[in-house]
Amino acid sequence: MKKINLTVVGAGSTYTLGIMRSLVTEKESFPLKRVVFYDIDAARQELNAKATEIMFKELYPEIEEFIYTTDKKVAFENSDFFFMQIRSGGLKMRERDEQIPLSHQCVGQETCGAGGMAYGLRSIGDMIELVREIRSYQKEAWILNYTNPAAIVAEALNREFPDDKRILNICDMPAAIMVSYANLLGCEIWDFVPEYFGLNHYGWFTKIKNKQGEDLTQRIKDIILKDGIKAVDAVIANDASWQATFKNMETMLRDNPEFLPNTYLQYYLYPEKMVSKEDINNTRARQVINGREKNVFAMCRRIIEKNSIAGEDVHDDIHGRYMIRVAASLAYNKGDIYLVIVPNNGAIRNLQDDAMVEVPCMLTSDGPKAFAIGTIPTFQKAMIEIQLGYEKLVVDAWYEGSKQKLINALTLNRTVVNVPKAKAIVEEILNENKDYLPQFFK
Ligand code: G6P
Ligand code: MN
């Protein structure tokens with residue numbers, strides 16, 4: 001097995017240490033030669049980097065070289081894989097994305113609704129620029145994107161780089177949900193063969209089989225309806241907000257038991273309830289700043305202080321392991337099946353070809369090959385089409401600097417709908433994001 005050179009773009013993330021620990025767990029499936037961290041925020045990145053360096057010395061001495069840098073040339077040259085996990089505007093702007101819609105009694109969320117639109121508008125430009133620069137050094141490298149909102153980023157990258165077959169957008173949410181299913185059944189997520197369709201953060205599991213071919217779908221539904229379902233993966237298990245979200249999955253299944261829903265559908269199916277639960281001064285961004293962010297960087301500081309990870313609970317997680325196994329399947333032509341985001345091109349028969357859909361794909365060194373989903377039912381098709389219209393209009397608007405298209409986008413979005421609200425929210429979002437979006441101020 002050829003050993004891999006990996007670059008992490010946005011290495012100052014609160015997820016980085018968990019992903020790096022996951023690389024240790026997966027060292028047999030995805031053996032590394034070199035790891036490079038890149039971020040524009042040197043201080044944040046340095047904490048993750050110094051802690052990671054210590055962890056690698058103890059748990060992954062096979063890695064020959066570990067570098068962290070703010071120099072793109074150093075970061076982008078000679079890498080085989082790029083894990084993209086930037087957050088344009090940081091958690092501070094995430095907080096504003098959540099607060100602005102909420103102040104209009106609309107869902108205020110990182111990736112869904114008007115907040116997701118604001119975040120999407122910031123991410124598009126940064127991601128296009130980064131991919132272009134990476135390609136100026138590495139034509140053949142795999143670019144795996146976790147950057148959110150993945151649906152909008154995927155749509156924009158597919159338009160900007162239509163012939164680039166080595167960019168792949170993925171999300172950990174379906175995997176995190178499957179970890180919970182596995183927990184209910186007492187098996188492992190890697191035993192599952194999932195059938196799923198939708199857009200990112202907007203889809204449904206239609207079937208879960210195991211590798212022996214046994215259909216587990218009804219058992220999973222029955223257990224959820226009887227005993228509920230909990231968030232169990234390391235990153236989310238001890239988080240009240242995530243537990244509430246998993247509780248809502250049970251509600252969604254009770255209200256419509258035909259398919260197993262993605263957690264994010266709660267924002268589109270129960271927008272009023274989601275708004276009523278929110279405290280505008282303590283939205284999810286604030287909770288992450290006071291919770292995960294504090295905890296992760298405190299742990300990094302302790303590791304650096306002790307010069308050892310001894311006594312620290314640095315754990316792997318599905319967020320990291322899923323991405324790494326996707327990468328391994330591409331790198332080593334394994335042909336494993338994962339849920340990833342690809343151009344539809346007929347996979348969902350009654351949906352337009354140029355939709356970026358999240359579906360099971362076989363991953364080989366040629367890239368992802370989607371399995372045929374067939375025809376989807378009217379309700380889900382209509383839901384998807386309205387959301388797809390919203391996503392496409394956001395990307396159109398970004399290219400054209402069109403405020404009208406943003407208003408139209410939010411008019412379609414189930415979390416806004418009303419034109420006066422759409423207009424007011426668009427005004428506020430553009431004002432807040434002036435520095436990121438000069439095309440709207442010409
Ligand atoms: C899941 C989603 C990600 C999202 C994250 C937010 O992992 O798949 O797309 O960014 O949740 O979690 P947080 O704990 O930051 O609210
Ligand atoms: Mn996601």
Side-chain angles (χ1 to χ4, degrees), residues 10 12-19 22 83-95 97-99 107-113 115-116 118-120 122-123 127 144-155 168-180 189 196 198-203 205 231-246 248-249 261-268 274 277-279 282-297 316-323 326 338-341 356-359 387 391:
S13 165
T14 56
Y15 289 104
T16 302
L17 203 58
I19 297 177
S22 303
F83 287 2
M84 313 295 289
Q85 44 163 23
I86 62 166
R87 182 179 284 287
S88 300
L91 285 165
K92 282 242 68 105
M93 286 306 285
R94 175 178 179 177
E95 187 170 40
D97 295 346
E98 293 165 346
Q99 287 173 330
V107 168
Q109 213 278 327
E110 177 198 22
T111 64
C112 300
Y119 187 17
R122 290 195 303 277
S123 295
M127 281 298 296
L144 301 195
N145 180 50
Y146 256 167
T147 300
N148 264 329
I152 288 172
V153 170
E155 169 69 24
L168 187 57
N169 297 279
I170 56 183
C171 168
D172 62 348
M173 196 71 250
I177 295 169
M178 284 192 283
V179 169
S180 289
I189 178 187
Y196 181 98
L199 307 170
N200 176 240
H201 289 186
Y202 203 96
F205 289 96
V232 293
D233 191 56
V235 187
I236 54 179
N238 297 316
D239 192 310
S241 158
W242 276 109
Q243 291 303 354
T245 291
F246 273 65
N248 281 343
M249 242 183 350
N262 190 298
T263 52
Y264 281 93
L265 287 167
Q266 66 178 335
Y267 297 104
Y268 302 99
M274 298 313 292
K277 285 194 322 189
E278 284 290 336
D279 169 1
N282 190 29
T283 62
R284 185 65 194 152
R286 193 44 47 193
Q287 295 169 25
V288 171
I289 290 167
N290 292 330
R292 186 170 68 235
E293 186 176 52
K294 277 216 170 77
N295 297 339
V296 162
F297 290 123
D316 60 20
D317 51 53
I318 197 61
H319 180 86
R321 292 188 67 190
Y322 204 74
M323 169 90 97
V326 162
Y338 292 99
L339 299 176
V340 295
I341 303 162
M356 296 301 287
V357 294
E358 195 162 41
V359 290
Q387 177 75 0
E391 288 167 3

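Atoms within each ligand, like the ligands themselves, are counted from 1 in listed order. As the structure is a prediction and not an experimental result, all values here were calculated from the model. The chain is numbered in sequence order, starting from 1.
- Within the structure, the closest approach of E98 to ligand 1 does not fall below 4.0 Å when heavy atoms are considered.
- Residue contact check for ligand 1: T111 places no non-hydrogen atom closer than 4.0 Å to it.
- Between the side chains of T245 and Q266, at least one donor-acceptor pair of N or O atoms lies under 3.5 Å.
- Summary of contacts: the protein heavy atom closest to atom 8 (O) of ligand 1 is D172 OD1, 2.4 Å.
- Counting heavy atoms closer than 4.0 Å to ligand 1, residue Y119 contributes nothing at all.
- Within the 4.5 Å cutoff, no side-chain heavy atoms of Y338 are placed close to those of I170.
- Looking only at N/O/S atoms, H201 comes nearest to the Mn ion (ligand 2) through NE2.
- Between W242 and F246, the ring-plane angle classifies as perpendicular under the 30° and 60° cut-offs.
- Using a 4.5 Å cut-off on side-chain heavy atoms (C-beta onward), T16 and Q85 make contact.
- With hydrogens left out, the protein atom closest to atom 3 (C) of ligand 1 is N148 ND2, 3.5 Å, a heavy atom.
- Considering backbone and side-chain atoms alike, H319 places every N or O at 3.5 Å or more from each N or O of ligand 1.
- Near C171, meaning under 4.0 Å from any of its heavy atoms, are these atoms of ligand 1: 8 (O).
- Between H201 and C171 the shortest side-chain heavy-atom distance falls below 4.5 Å.
- Counting heavy atoms closer than 4.0 Å to ligand 1, residue R284 contributes side-chain atoms (C-beta onward) but none from N, CA, C or O.
- Crowding of N238 atom CG: a count of heavy atoms from other residues, nucleotides or ligands under 6.0 Å not exceeding 12.
- Using 4.0 Å as the threshold, H201 has a heavy atom nearer than that to some atom of ligand 1.
- The shortest distance between side-chain heavy atoms of D317 and S22 falls below 4.5 Å.
- Taking the six-membered ring for Trp and thresholds of 30 and 60 degrees, H319 and Y15 have nearly parallel ring planes, at less than 30 degrees apart.
- The protein non-hydrogen atom at the shortest distance from atom 6 (C) of ligand 1 is E110 OE1, 3.4 Å.
- Note on ligand 1: Y146 sits outside its first shell, no heavy atom being nearer than 4.0 Å.
- Contact atoms of ligand 1 toward V288: 15 (O) (distance under 4.0 Å to a heavy atom of the residue).
- E110 has its side chain out of reach of R284: every pair of non-hydrogen atoms, C-beta onward, lies at least 4.5 Å apart.
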Item to complete: Carefully, step by step, assess R122 and D97 under the rule salt bridge (Lys or Arg N to Asp or Glu O under 4.0 Å).
Response: CA-CA 11 Å; R122 290 195 303 277; D97 295 346; 2.7 Å; yes

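- Side-chain atoms of E98 come within 3.5 Å of backbone atoms of A285 as a donor-acceptor pair (strictly under, hydrogens ignored).
- With a heavy-atom cut-off of 4.0 Å, E293 does not touch ligand 1 at all.
- What sits closest to atom 12 (O) of ligand 1 on the protein, heavy atoms only, is Y15 OH, 3.3 Å.
- Here is the list of ligand 1 atoms found below 4.0 Å of a heavy atom in R94: 13 (P), 15 (O), 16 (O).
- Only side-chain heavy atoms of R292 come within less than 4.0 Å of ligand 1; its backbone N, CA, C and O stay farther off.
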